[in-house]
Amino acid sequence: MERTEQLIKAKIPGKETGIEIRRTICDICCPSFHCGIDAYVKDGRVIKVEGTKGHPMNDGLLCTKGLSNREYIYRRDRILTPLKRVGERGEGKFQEITWEEAYRICAEKLNGWKEKEGADSVLFFGGYTKWFRPWLHRLAFSFGTENYATESSTCFTSGFMAWKIATGRGAKGDMAHCGVYLGWAFNPYHSRYLNGKKADEAKARGVKFIIVDPRITPAVEKLADIHLRPRGGTDGALALAMANILIQNNWIDREYIDRYVEGFDAFAEYVSGFNESNLEAITGVPYSQAVEACRMIHENRPMAINESSAPLAHHKNGMQNYRAIMALSAITGNYDRVGGQQPILHTYIHQASGFLTEEEEFVDEVRPAHARKPVGAERFPLWYETEREAQATDMARQILEEKPYPIRAVVALGMNLRMLPDTENIIRALKKLDFFVDTDLFMTDAAKYADIVLPACSSFERGEFKTYPGGYAVYTNPVIEPLGQAKSDAQILCELAEALGLDDELLKSGYENCIRYMIRNLSVTVEDLKANPLPTLVPERKPYQEGAYIRGGLDTKSGKFELDSSLIKDHPEWGLDSLPTYCDSLDGADEEKYPFALCAGARIPNAIHSRLHEVPWVRSLRPYPTADISLEDGKRLGIREGDDMEIYTEKGSITVKAHPTARVLPGTVYMYHGYREANVNGLLDGNHLDPYCGFPSYRSARCGIRKGGEDHGTDA
Ligand SMILES: Nc1nc2c(c(=O)[nH]1)N[C@H]1C(S)=C(S)[C@@H](COP(=O)(O)OP(=O)(O)OC[C@H]3O[C@@H](n4cnc5c(=O)[nH]c(N)nc54)[C@H](O)[C@@H]3O)O[C@H]1N2
Ligand SMILES: Nc1nc2c(c(=O)[nH]1)N[C@H]1C(S)=C(S)[C@@H](COP(=O)(O)OP(=O)(O)OC[C@H]3O[C@@H](n4cnc5c(=O)[nH]c(N)nc54)[C@H](O)[C@@H]3O)O[C@H]1N2
Ligand SMILES: [Mo]
């Protein structure tokens with residue numbers, strides 16, 4: 001082989017090979033990471049990816065998902081041109097059209113409904129990807145509606161709301177300085193591996209770890225000094241009993257409570273009902289273990305607690321359970337302190353970066369004055385009161401029932417058909433729409449129901465502004481041209497504003513100009529950021545100041561940490577409890593027919609929601625949809641490793657491969673979501689929702705299992 005050929009084969013960058021390293025970010029998982037990527041580019045194509053050394057997030061590391069970026073951006077089903085549906089909804093028959101034609105149809109349909117039934121008859125929806133959200137939100141407002149809904153109807157917001165009603169702001173646990181870490185539903189080794197690294201460092205420093213998880217996970221094995229194993233969704237009862245133990249033993253901070261905590265007496269009285277007599281029966285956790293955990297909390301202060309965006313929230317009682325857990329921080333005086341729970345102000349798109357951007361102004365300055373309340377506002381009034389946006393879990397219902405008013409059209413970016421529970425109902429709703437436009441990288445099952453499909457480009461093909469924890473900002477440059485005619489979502493939204501004839505000059509002036517507006521109060525400019533391939537430290541970043549927020553008075557009615565919420569007390573008509581009360585989370589299905597608890601969602605390292613199941617390299621690591629059951633249940637039902645197993649609920653059934661393991665509790669089934677051929681969300685009840693925030697109970701459905709079922713083949 002020629003030398004040059006050899007060098008090309010080895011992917012060595014340089015003049016001779018024509019291979020260049022260009023920097024971008026991975027946007028496959030959580031926005032707080034979005035690791036730096038070195039893309040090796042030859043002839044306009046990415047041929048290899050590596051983690052960027054010196055990047056403040058990942059410093060050269062990449063996880064399984066990040067390493068799959070090349071296959072991900074070149075997935076076979078990338079959409080390359082705008083498309084118009086020619087077959088039935090869902091059939092997947094489309095014809096290519098031009099961008100002009102696509103925008104013309106969108107404008108005619110959307111403006112048509114706006115004229116006929118008002119702007120609220122159109123709903124704007126964004127899936128997991130967050131980078132375009134300020135543009136989508138502003139577009140909805142400029143169009144004249146508050147009907148803006150996102151994936152955050154199922155993720156993060158529940159916990160954020162719990163914090164807001166208690167303290168007025170979000171918060172995060174300061175693992176770097178704590179003495180004891182309460183890792184409640186904490187397994188970063190599968191879901192946030194960079195936090196796993198931080199946990200390893202804390203462990204090496206001698207931090208005590210209490211892990212609260214029904215399963216035996218890598219976090220339990222590597223970190224736990226104490227492992228509490230409550231049955232899923234019984235966490236509230238455990239937290240309340242722990243509060244009771246802390247109070248009974250006087251392991252609380254009286255002075256702090258007197259000064260900064262509201263509602264302690266009512267809370268203390270309520271928690272006295274969770275004690276030695278009932279804890280184990282409700283949760284499965286022996287009382288003595290809960291006492292040991294409380295002693296550890298007391299003896300190793302300060303205590304930081306894991307913030308949970310999903311596993312604690314995905315239960316009917318999720319937000320209340322979360323409030324009960326966070327109350328432990330207040331009564332032990334660990335809120336707003338170094339090594340405890342620290343209040344945060346959000347920078348751009350919910351990052352805790354320590355400086356402020358004008359993103360809220362960007363959106364709010366065009367908030368429509370006379371819009372009707374958005375989807376879900378009536379059903380989830382606390383959600384609407386704190387979030388002021390639509391709750392997506394009520395979307396299908398409102399489309400189908402037309403109450404309190406009809407929704408005729410949906411403008412979606414990255415809608416996954418299997419994000420919400422009860423897929424059949426979502427399909428019925430999409431079919432009922434008069435007009436549906438979806439924008440995605442891939443020809444997804446949701447896109448197949450759309451009238452118009454628009455091709456979006458990946459993070460490798462666009463320039464993007466981002467901020468990171470630690471005071472950083474970055475503005476990436478595209479590393480390759482967009483594939484086919486794909487465009488960046490933000491560009492699409494700005495052009496759509498133009499096509500709709502909206503009176504919004506800023507939005508119509510394009511992405512970069514909008515960023516200039518949002519960072520106008522920072523001393524770094526778009527040009528500075530673009531010139532630096534690594535994130536830049538923003539001079540305006542402010543370090544955390546211990547106790548400043550709580551001493552100055554919190555943004556709550558009482559100015560204190562509210563264990564007993566005045567916001568909820570002021571609204572008895574909502575029918576919600578002002579204290580973090582506990583109730584059972586499982587749905588009402590017949591216990592005899594459906595004796596197992598189904599947890600649909602605990603993360604697996606090689607998949608993220610709907611997207612990576614379709615990427616061959618990561619799929620090969622776990623080729624089949626697989627569910628974990630206990631060894632005992634496997635034995636009892638004659639189900640062995642790799643057997644086909646049916647999981648069924650009142651809604652239907654799916655067939656998966658069985659994985660009996662000592663890691664899960666008897667009576668439970670763990671199944672990851674997002675699979676086309678084994679859609680666990682199709683088994684879930686769309687009305688089994690948390691009344692406080694509207695979140696789905698993905699993790700507390702009743703189900704049955706049996707050996708056998710349909711063979712779904714080996715070519716998945
Ligand atoms: N690889 C990968 N990483 C991801 C994702 C992904 O899909 N794949 N998704 C991203 C997203 S969107 C999110 S929201 C985060 C979520 O990330 P995490 O919050 O880490 O979510 P999980 O892995 O679902 O749950 C963490 C642990 O909680 C336990 N758990 C489940 N139910 C309960 C319960 O009721 N009580 C208690 N105490 N523990 C419980 C599980 O057994 C699991 O070990 O992950 C992000 N990272
Ligand atoms: N059963 C069950 N269901 C769950 C959960 C669970 O634990 N269990 N978790 C919930 C949680 S926490 C979350 S965060 C959600 C995940 O939310 P989903 O929105 O379901 O997440 P994804 O499937 O990753 O992505 C959605 C779509 O966005 C597209 N997309 C990706 N990048 C871009 C882009 O740059 N532009 C555009 N326009 N589209 C893009 C993808 O191709 C995909 O079709 O799922 C929720 N659903
Ligand atoms: Mo999430």
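In what follows, every heavy atom counts, from backbone to side chain, and hydrogens, waters and symmetry copies are set aside. We count ligands from 1, going down the list as the structure has it; atoms in each ligand are counted the same way. Small disclaimer: the values here were computed from a predicted structure and weren't measured.
At least one heavy atom of Arg462 sits less than 4.0 Å from an atom of ligand 2. Assignment of Tyr72 to the shell around ligand 2 is supported, since a heavy atom sits closer than 4.0 Å.
In this pair, Tyr103 and Trp99 present their aromatic rings tilted. The plane angle is within the 30 to 60° band. Ring-plane geometry between Phe695 and His314 is classed as tilted, the angle between the planes lying from 30 to 60 degrees on a 0 to 90 degree scale. Between Tyr181 and Phe209, the ring planes lie tilted relative to each other; the angle falls in the 30° to 60° range.
No salt bridge links Asp200 with Lys203; every basic N to acidic carboxylate O contact stays at or beyond 4.0 Å. We find that Asp451 and Arg85 are joined by a salt bridge, their nearest charged nitrogen and carboxylate oxygen being less than 4.0 Å apart. In summary, Glu614 and Arg676 engage in a salt bridge, as defined by a charged side-chain N under 4.0 Å from a carboxylate O.
Between Glu151 and ligand 2, a contact under 3.5 Å exists for no N or O pair. At least one N/O-N/O distance between Arg603 and ligand 1 falls below 3.5 Å. Among the atoms of Ala310, none of the N or O lies under 3.5 angstrom from an N or O of ligand 1. Annotation: Arg418 places no N or O atom under 3.5 Å from an N or O atom of ligand 2; distance criterion only. For ligand 2, the polar-atom distance check finds an N/O of Tyr128 within less than 3.5 Å of one of the ligand's N/O atoms. Here's the thing with Arg699: one of its N/O atoms is less than 3.5 angstrom from an N/O atom of ligand 2. Taking only nitrogen or oxygen atoms, main chain and side chain alike, Met419 reaches within less than 3.5 Å of ligand 2. Considering both main-chain and side-chain atoms, Tyr672 comes within under 3.5 Å of ligand 1 through a nitrogen or oxygen pair. At least one N or O atom of His190 sits closer than 3.5 Å to an N or O atom of ligand 1. Checking only distances, Ser309 never comes within under 3.5 Å of ligand 1, N or O to N or O.
Across the listed options Asp77, Leu413, Asp489, Asp489 owns the non-hydrogen atom lying nearest to atom 37 (C) of ligand 2. Across Ala607, Cys29, Ser585, heavy-atom proximity to atom 2 (C) of ligand 1 is greatest for Ala607. Considering each of Ile608, Leu598, Leu441, the one bringing a non-hydrogen atom nearest atom 34 (C) of ligand 2 is Leu441. The residue among Thr129, Asp440, Leu454, Asn416 with a heavy atom at the shortest distance from atom 44 (O) of ligand 2 is Asp440. The heavy atom nearest to atom 27 (C) of ligand 1, out of those in Asp213, Ile28, Leu612, is found in Asp213.
Of all atoms in ligand 2, listed by their number and element, those nearer than 4.0 Å to a heavy atom of Thr444 are 44 (O). Of all the atoms in ligand 2, the ones that sit under 4.0 Å from a non-hydrogen atom of Ser610 are 22 (P), 23 (O), 43 (C). Taking a cut-off of under 4.0 Å to the non-hydrogen atoms of His315, the atoms of ligand 1 that pass are 34 (C), 35 (O). If you number the atoms of ligand 2 from 1 as listed, the ones under 4.0 Å from a heavy atom of Phe442 come out as 42 (O).
Cation-pi check for Arg215 over Tyr670 is met; the charged atom lies under 6.0 angstrom from the ring centroid and within 45 degrees of its normal. Taking the ring axis of Phe442 as reference, the NZ or CZ atom of Arg75 stays within 45° of it and closer than 6.0 Å to the ring centre. Relative to the ring axis of Trp131, Lys466 does not place its NZ or CZ within 45° and under 6.0 Å from the centre.
Pro311 CD, 3.1 Å is the protein heavy atom nearest to atom 19 (O) of ligand 1. The nearest protein atom to atom 15 (C) of ligand 1, hydrogens excluded, is given as Arg192 NH2, 3.3 Å; this is a heavy-atom distance. Of the protein's non-hydrogen atoms, Asp235 OD2, 2.6 Å is the one closest to atom 38 (N) of ligand 1. Looking only at protein heavy atoms, the nearest one to atom 12 (S) of ligand 1 is His609 NE2, 3.0 Å. The protein atom (non-hydrogen) at minimum distance from atom 39 (N) of ligand 1 is Pro214 CD, 3.2 Å. Scanning all protein heavy atoms for the shortest distance to atom 26 (C) of ligand 1 gives Ala185 O, 3.5 Å. For atom 20 (O) of ligand 1, the nearest protein heavy atom (residue, atom name, distance) is Ser191 OG, 2.6 Å.
In Cys155, the part holding a heavy atom less than 4.0 Å from any atom of ligand 1 is the side chain. With a 4.0 Å cut-off on non-hydrogen atoms, Trp184 touches ligand 1 through its side chain and not its backbone. At a heavy-atom distance under 4.0 Å, only side-chain atoms of His673, from C-beta outward, approach ligand 2. Contacts of Phe125 with ligand 2, taken as heavy-atom pairs under 4.0 Å, are absent altogether. In Ile604, the part holding a heavy atom less than 4.0 Å from any atom of ligand 1 is the backbone. Residue-level proximity to ligand 2 for Glu461 is absent, since no heavy atom of it falls below 4.0 angstrom.
Residue Phe465 is tested with Tyr348, Phe132, Trp135 for a ring pair (Phe, Tyr, Trp, His ring centres under 6.0 Å); the sole match is Tyr348.
Put simply, the side chain of Thr661 never gets that close to the backbone of His659: no donor and acceptor are under 3.5 Å apart. Checking side-chain atoms of Arg138 against main-chain N and O of Leu136 turns up no donor-acceptor pair under 3.5 Å. Counting only distance, with no hydrogens or angles, the side chain of Lys130 and the backbone of Tyr128 share a donor-acceptor pair below 3.5 Å.
Two residues are said to be in side-chain contact when any heavy atoms from C-beta on lie closer than 4.5 Å; Pro134 and Ile349 meet this criterion. The shortest distance between side-chain heavy atoms of Ile25 and Phe460 does not fall below 4.5 Å.
The distance between the ring centers of Tyr672 and His613 falls below 6.0 angstrom.
For the atom pair Asn69 CG and Asp27 CG, the distance stands at 7.5 Å (nearest 0.5 Å).
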(message) Using side-chain hydrogen bond (donor to acceptor under 3.5 Å, both in side chains), reason through Tyr475 and Glu464 one step at a time and then give a plain yes or no.
(response) CA-CA 5 Å; Tyr475 197 126; Glu464 172 180 354; over 6 Å; no

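Here the closest non-hydrogen pair linking Arg231 and Ala281 is NH2-O, 2.8 Å.
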